[in-house]
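Notes follow the structure.
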Amino acid sequence: MKKPYNHNVIEEKWTKEWEEHPVNVDDGKKPKYYCLDMFPYPSGNGLHVGHWRGYVISDVWSRYKLMNGHYVIHPMGWDAFGLPAENYAIKTGKQPAESTAENVANIKKQIKQIAAIYDWDMELNTTDPKFFKWTQWIFEKLYEKGLAYEKEMPINWCPSCKTGLANEEVVDGKCERCGADVTKKDLKQWMLKITAYADRLLDDLDKLDWPEKVKKMQTEWIGRSYGAEVDFPVDGRNEKITVYTTRPDTLYGATFMVLAPEHELAASLATDETRKAVDDYITYAANKSNVDRLQNKEKTGVFTGSYAINPMNNEKIPIWLSDYVLADYGTGAIMCVPAHDDRDFEFAKEFDIPITQVIAKDGKEIENMTEAYTEASGTMINSGEWNGMESAVLKKEAPHMVEKKGIGHAKKNFKIRDWVFSRQRYWGEPIPIIHCPKCGEVLVPEEELPLKLPEVEHYEPTGTGESPLAAIDSWVNCKCPKCGGDAKRETNTMPQWAGSSWYFLRYVDVNNDKELVSKEKADKYLPVDMYIGGVEHAVLHLLYSRFWTKFLYDIGVIGFDEPFHKLFNQGMITGKNGIKMSKSKGNVVSPDDLVRDYGCDSLRMYELFVGPPELDSEWDDRGIDGVYRFLSKFWNLVQENKDKGVAETPELVKIRHQLVDTISSRLEAFSLNTVVSGFMEFNNKLSKLDGVDKATLETYATLLAPFAPHIAAEVWEELGHDTSIFDEKWPVADKSKAADDTREIGVQVNGKVRGTVEIAVDADKDTALAAAKEAVADKIEGKSIVKEIYVPGKIINIVVK
RNA sequence: GCAGGAGUGGCGGAAUUGGCAGACGCGCAGGCUUCAGGUGCCUGUGACCGCAAGGCCGUGUGGGUUCAAGUCCCAUCUCCUGCACCA
């Protein structure tokens, strides 16, 4: 009996079946494979087709691993603390807890439409006290190890979000979240000492199977450099200024020195004549915003009136102040070698400071220098005892030489700064610290965790630099766990990145109330084998979670120090003309209608078919028709052939093996768009035959199962099976059976295709050329053959004159 | 400015890494089915010339290597992404 393709009936049936009988179960014997999606924050806007794509990709991969004999850990959860969730609650006038719960319910419904093999028993939510108890616990461990500390300092402040931000959250001087210009604000902040892990975070990138792009971004963010710190005595004073340089080889060329206006000695270096100018400049720099500083790179500065002594040649060099020197990198002071540094050159030109070349370019001194010579290659000149050395060699040796001279030492520096970890907002994990007038900072005792948020009427940000929690007296006032006296709670909360820095560890042991994760389960199921998500977290979430994983490894909680073995960044789905989908642009495409009209299977395949998974793609609704037609045609092909009893022929066997080979190799290469076109191609091919045997239909359905699970399962049943198609082993192609005996190859004359011949793949040269010459006889007639090229299975080229 | 990626029909995109450019799909055109629209099915579809056979051009642009170049080399333009005074 032939049935039409009715996706609604089929998909409903299998949804129910799989709810009752999940296809992915742990029998304790299969090897594990952990395939993880970056968990979403439950936005009030729901999912659009772009979110869908990442989840489809990970599900296809999970099901493929499942059919390769793995038990696949494929969980889903909710990153529900943080600014977006809180802002949404404020906008809708609800309590964050309430609106978050609603949004989770909504998105969960949408995610279920994808029909992924998520194990909902593992579901977690970062705002669940059972979860964030352990987020707080990790903070306490960091504190105990001296990796969490409080510091008063000017931090990045978003006036729109009314909270402090980490460096990683500032993009081009603007808030990563809302785009407002970031300002500076002096605040007492909790910091995490990620810098203590800088070397390991950098070096261990080598171990990871990640996109080079992401590794490079992290490398640059961590920004390790090697050089030396060198002491420059201040002339006429019993003080010295230490500078950091990566080019100690150019020490003899240092003709001036520049301090950041914030440098502790800046004001004191002024003389009576320069005092006013110096003070004015310090004030001017302090008032300059981040954005000004980024956009306007023209050099400004002021001479302090004081001089330093170049410790190499004992020359007096002027000390200047300029905001092109950063206060919080290195020592906040630099030696300036205008001949060999672009910025110093520009500054020297601006303020008419002498320039001394110390590395010969092309063997000589440059006359009328118009730009700095920044390469470390050439012979040293004007450099006392270093004259004649190669700069590249000296660059490496100089740190030890200055050390011997007692004027400095080798030093390595990083661009990465410690992680500003506190936020002045309500909707985050409370930082479990109590401030006691007698005992100082005291941790909330572990048995009192989780420290929950108070339920309050008003939770809007204050903008004063204080968390809204500070206004809740009943919550703030408490007893010191150490001395029992009156004390106050810390009122800042953790940033949105806290929960996501370790959530992947928790999925495999979500209900454990004794430990963050049991050692046994961690060893058995972790770490993550494949992590799939957008590239926007390259230096935020992905750096923070590596840091926390390394820390948890160090304190013995887990036995591995990198969380994500392989990373895949899927491209973004955009609206027309590459415009990012957003509610305000009105170009959001919801998957709901598409699922209703075309079915889950069609949308799954279309999500893959739109383009290469790693690239951005413009969404075009119309294309889904093509995929739907394909699934209908495949369905009809099965209906026509299932009861026909078509016998296996050599040709069918060959096509079958070619199909397996094509789909498997493209899938392994993660070329999912061409997997879909491969299915179409073979469907067209099979449709043109007189009939298709059952084994080929079965193989086809099995290969299709990870992509379009419902139709594959239904076809499997139609073909007479009462077992699950997901219990089938992924087919393996026998390449010898897939090989064509003959192939049509092009025949070129002078490099241009003039005909084709059908010849045996392994035909010898004489046979091939004979056939080729016949095919293009009219093109070579009367001409002399200069050269004959035959590449078996590929091409024949006859060069004539 | 520096680093990385990309530029292929009307559109999304293929091309086993030097071997028949344009697979697959969308769209479009013609035909069949239909009272009609839609669906479905069949055929065609890079540009130009030609009734046709066929010819000729063609992967951002200009050069080069090679029997053969979307693919390799040199130069150049455009777009995207990241970094951007880190001494």
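Heavy atoms only: backbone and side chains are in, while hydrogens, waters and symmetry mates are out. All chains are named by letter (A, B, ...) in the order of the sequence lines, taking the proteins before the strands, and each is independently numbered beginning at 1.
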Under 4.0 angstrom, heavy atoms only, what part of the nucleic acid is [X] near: base, sugar-phosphate, or nothing?
X	value
V610(A)	sugar-phosphate
S225(A)	sugar-phosphate
K213(A)	sugar-phosphate
K752(A)	sugar-phosphate
E744(A)	base
D620(A)	nothing

Worksheet item: Has K299(A) got its NZ or CZ under 6.0 Å from the middle of the six-membered ring of Y324(A), at an angle within 45 degrees of the ring axis?
Response: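 Satisfied, under 6.0 Å and within 45°.
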Discussion item. On the six-membered ring of F682(A), is K685(A) placed so that its NZ or CZ lies under 6.0 angstrom from the centre and within 45° of the ring axis?
Written reply: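 Relative to the ring axis of F682(A), which defines the angle, K685(A) lies inside both limits.
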Worksheet entry | E758(A)/T742(A) under side-chain hydrogen bond (donor to acceptor under 3.5 Å, both in side chains): CA gap, chis, key distance, verdict | CA-CA 6 Å; E758(A) 175 95 23; T742(A) 67; 2.6 Å; yes
Practice prompt. Apply side chain to side chain contact (heavy atoms under 4.5 Å, CB included) to L608(A) and V675(A), showing your working.
Written response: CA-CA 9 Å; L608(A) 304 176; V675(A) 168; over 6 Å; no
Using Watson-Crick or G-U wobble geometry with both distances under 3.5 Å, which nucleotide pairs with [N]?
N	result
rA36(B)	none
rC85(B)	none
rG58(B)	none
rU66(B)	none
rG27(B)	rU45(B)
rU78(B)	rA6(B)

Worksheet entry | Short side-chain donor-acceptor distance under 3.5 Å, W419(A) and E168(A) |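 No, W419(A) and E168(A) have no side-chain donor paired with an acceptor closer than 3.5 Å.
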Which value, in whole Å, describes the distance between the [atom1] atoms of nucleotides [N] and [M]?
N	M	atom1	value
rU33(B)	rG38(B)	C1'	13 Å
rC80(B)	rG60(B)	C1'	15 Å
rC20(B)	rC67(B)	C1'	15 Å
rG13(B)	rG9(B)	C1'	11 Å
rG55(B)	rU61(B)	P	25 Å
rU43(B)	rA23(B)	P	15 Å
rC51(B)	rG37(B)	P	34 Å
rG5(B)	rA75(B)	P	16 Å

Item to complete: Please test Y628(A) against Y5(A) for ring-ring contact (aromatic ring centres under 6.0 Å, His included), starting from the C-alpha separation and ending with a verdict.
Response: CA-CA 10 Å; Y628(A) 184 79; Y5(A) 175 46; 5.7 Å; yes
Discussion item. Walk me through whether F707(A) and F679(A) qualify under ring-ring contact (aromatic ring centres under 6.0 Å, His included).
Written reply: CA-CA 10 Å; F707(A) 300 87; F679(A) 276 122; 5.6 Å; yes
Worksheet entry | From rC85(B), rC67(B), rG4(B), nucleotide with atom closest to K216(A) side chain |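 Shortest atom-to-atom distance from the side chain points to rG4(B).
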Worksheet item: Which of the following nucleotides, rG27(B), rG4(B), rC20(B), is nearest to the side chain of R622(A)?
Response: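 Nucleotide nearest to R622(A)'s side chain: rG27(B).
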Item to complete: Could you walk me through whether S225(A) and Y329(A) pass the side-chain hydrogen bond (donor to acceptor under 3.5 Å, both in side chains) test, one step at a time?
Response: CA-CA 12 Å; S225(A) 69; Y329(A) 179 77; 3.3 Å; yes
Worksheet entry | OP1 or OP2 of rG19(B) under 4.0 Å from side-chain N/O of R743(A) |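 Looking at the OP1 and OP2 atoms of rG19(B), neither is under 4.0 Å from any side-chain N or O of R743(A).
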Practice prompt. Look at Y324(A) and rA87(B) and indicate whether a side-chain polar atom (N or O) is within less than 4.0 Å of OP1 or OP2.
Written response: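 No, Y324(A) has no side-chain N/O under 4.0 Å of OP1/OP2 on rA87(B).
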Discussion item. So for K299(A) and rC85(B), does any side-chain atom that can act as donor or acceptor lie under 3.5 Å from a complementary atom in the base?
Written reply: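 It does, because a donor-acceptor pair links the side chain of K299(A) to the base of rC85(B) below 3.5 Å.
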Discussion item. Any salt bridge linking D328(A) with R417(A)? Criterion: basic side-chain nitrogen under 4.0 Å from a carboxylate oxygen.
Written reply: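 R417(A) and D328(A): salt-bridged.
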Worksheet item: Starting at the 5' end of RNA chain B, which residue's closest nucleotide do you reach first, G746(A) or Y329(A)?
Response: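 By nearest-heavy-atom nucleotide position, the 5'-most residue is G746(A).
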Worksheet item: Which residue lies toward the 5' end of RNA chain B, E618(A) or V171(A), if each is placed at its nearest nucleotide?
Response: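 With E618(A) and V171(A) compared, the 5'-side residue is E618(A).
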Discussion item. Please classify the glycosidic conformation of rG12(B) as syn (within 90° of 0) or anti (everything else).
Written reply: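 Nucleotide rG12(B) adopts anti.
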Practice prompt. Determine if the base of rU71(B) is syn or anti; take syn to mean the glycosidic torsion is within 90° of 0.
Written response: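 What rU71(B) shows is an anti base, its glycosidic angle lying more than 90° from 0.
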Are any protein N/O atoms closer than 3.5 Å to N/O atoms in nucleotides 21-25 of chain B? If there are, list each pair with its distance.
residue, atom, partner, partner atom, Å
rA23(B), O2', E681(A), OE2, 3.4
rG25(B), OP1, N684(A), ND2, 3.3

